Number of protein chains: 2
Amino acid sequence: MKLGNRIKELRESQGLLQRQLSAQLEIDTPMFSKIERGERRAKREQVLKIAELLKVDTQELLTLWLTDQVLEVILNEKQALQALKMAEKDIKNKTK
Amino acid sequence: MKLGNRIKELRESQGLLQRQLSAQLEIDTPMFSKIERGERRAKREQVLKIAELLKVDTQELLTLWLTDQVLEVILNEKQALQALKMAEKDIKNKTK
DNA sequence: CTTATATTGGACAAAATTTGACAAGTCAAA
DNA sequence: TTTGACTTGTCAAATTTTGTCCAATATAAG
């Protein structure tokens, strides 16, 4: 699940309009529309605000947001999986 | 292993100077020095060139390069591991 | 100690990318 | 056909990235 899709899902299930959320985010509707469709990336700060407005767990949206970014980096790269594995090891070893 | 460290390792084992490699890359030595120390990110194109100059497998360096970037995105995020797992699933499902 | 060469650090400029605004468009409902 | 919600495309402002330059530090040789 992509961040934008999740946002749209939540927004619609609560009967909210793009116009209303974008106002709270202080961006215009086209911009919000683009974020929802994944055409533009949301800023971390905006993700936090959106989670708040949609009354959803911040961590859920942040995870989707991070995942989108990770995919953006490795997409179309032959070494994608290998890089993910290495990154995972590094993260796990960070505290050790 | 970070890309920069690997580059330095290879370069020194072959008795090459930063000056020589940076010339081939058409950047100056400070820039190359920064790439080696991970202070600056190399461009994909530069990684390819470096692999060629150091006679090392392109894929090895690209994997390190990608990993660095993935880590850059998720570092210091609580959801780092979760995001990696999700990304992995997405990549694996891409072809299916 | 001096000199010469290699590498690093920091400030700044150029280039590239991202972010957002705006105008105009589509689509569906009334 | 008018209205409201959303989308598309283009442009400029803002931010980030990439690279250059100069100076500082380090290393090695004489």
Side-chain angles (χ1 to χ4, degrees), chain A residues 2-54 61-62 64-77 83, chain B residues 1-54 61-62 64-77:
Chain A
K2 289 275 185 299
L3 174 64
N5 296 334
R6 183 68 179 127
I7 291 173
K8 181 169 190 177
E9 189 174 88
L10 288 163
R11 176 177 67 78
E12 289 179 339
S13 77
Q14 297 176 34
L16 296 170
L17 299 175
Q18 289 186 349
R19 176 165 52 76
Q20 303 176 292
L21 291 179
S22 54
Q24 300 284 327
L25 293 173
E26 303 184 83
I27 56 179
D28 68 0
T29 1
M31 189 64 204
F32 187 87
S33 166
K34 282 161 192 165
I35 289 174
E36 256 191 11
R37 285 171 297 115
E39 191 184 322
R40 294 291 179 89
R41 191 164 0 98
K43 294 198 288 190
R44 193 177 197 286
E45 184 193 54
Q46 293 171 325
V47 176
L48 299 181
K49 187 78 182 174
I50 291 170
E52 182 191 331
L53 295 171
L54 294 176
L61 294 196
L62 276 181
L64 294 175
W65 176 72
L66 278 180
T67 304
D68 283 354
Q69 285 179 91
V70 168
L71 287 172
E72 215 169 278
V73 167
I74 64 178
L75 209 58
N76 305 323
E77 293 282 355
Chain B
M1 171 83 79
K2 289 276 185 298
L3 174 64
N5 295 334
R6 182 69 179 124
I7 291 172
K8 181 169 192 178
E9 189 174 87
L10 289 163
R11 177 177 65 80
E12 289 180 338
S13 78
Q14 298 176 34
L16 297 169
L17 298 176
Q18 290 186 348
R19 174 165 54 75
Q20 303 174 292
L21 292 178
S22 53
Q24 300 284 327
L25 293 172
E26 303 183 85
I27 56 178
D28 67 0
T29 9
M31 189 63 204
F32 187 88
S33 165
K34 281 159 194 164
I35 289 174
E36 256 191 12
R37 285 172 295 118
E39 191 184 323
R40 294 291 180 88
R41 188 161 6 94
K43 294 199 290 190
R44 192 178 196 285
E45 183 192 54
Q46 293 171 328
V47 176
L48 300 181
K49 188 79 183 172
I50 291 170
E52 182 191 332
L53 295 171
L54 294 176
L61 294 196
L62 276 181
L64 294 174
W65 177 71
L66 278 180
T67 304
D68 283 354
Q69 285 179 90
V70 169
L71 287 171
E72 216 170 277
V73 167
I74 64 178
L75 208 59
N76 304 324
E77 292 282 355

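A quick note: this is a predicted structure, and the numbers were derived from the prediction, not measured. Residue numbering restarts at 1 for every chain, and letters A, B, ... go by the order of the sequence lines. Every heavy atom of this structure was used, including side-chain atoms; hydrogens, water molecules and symmetry mates were not.
To the nearest angstrom, P of C/dT5 lies 9 Å from CZ of B/Arg19. Going from atom CD of B/Gln69 over to atom P of C/dT17 covers 13 Å, rounded to whole Å. A/Glu12 has its CD atom 13 Å from the P atom of D/dA5, to the nearest Å. Rounded to whole angstrom, the span from the CD atom of A/Glu36 across to the P atom of D/dA5 amounts to 14 Å. The nearest whole Å value for the distance from the CG atom in B/Leu17 to the P atom in C/dA4 is 18 Å. Here the C1' atom of nucleotide C/dA6 and the CG atom of B/Leu16 are 14 Å apart, to the nearest Å. With rounding to whole Å, B/Phe32 atom CZ is found 9 Å from C/dT7 atom P.
Put simply, A/Arg37 has a side-chain N or O that comes within less than 4.0 Å of OP1 or OP2 on D/dT8. Regarding contacts with the backbone of D/dT7, a side-chain N or O of A/Ser33 is found under 4.0 angstrom from either OP1 or OP2. A sub-4.0 Å separation between OP1 or OP2 of C/dT8 and a side-chain N or O of B/Gln18 is present.
A donor-acceptor pair under 3.5 Å is absent between the side-chain atoms of B/Glu77 and the main chain of B/Ile74, judged by distance alone. When atom types are taken as modelled, the side chain of A/Gln14 and the backbone of A/Leu54 share a donor-acceptor pair closer than 3.5 angstrom. Side-chain atoms of B/Ser33 do not come within 3.5 Å of backbone N or O of B/Thr29 as any donor-acceptor pair.
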What does the B/S/- profile of nucleotides 10-30 of chain D look like, 5' to 3', with a 4.0 Å heavy-atom cutoff to protein?
B-------BBBBB--------

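Distance check, rounded to the nearest 0.5 Å: CG of A/Leu53 to CZ of A/Arg11 gives 12.5 Å.
Every residue two or more places apart in sequence or in another chain that forms a side chain to side chain contact (heavy atoms under 4.5 Å, CB included) with B/Lys34 is listed here: B/Pro30, B/Arg37, B/Glu39, B/Arg40.
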Worked verdict on B/Ile27 versus B/Ile35 for side chain to side chain contact (heavy atoms under 4.5 Å, CB included):
CA-CA 11 Å; B/Ile27 56 178; B/Ile35 289 174; 4.1 Å; yes

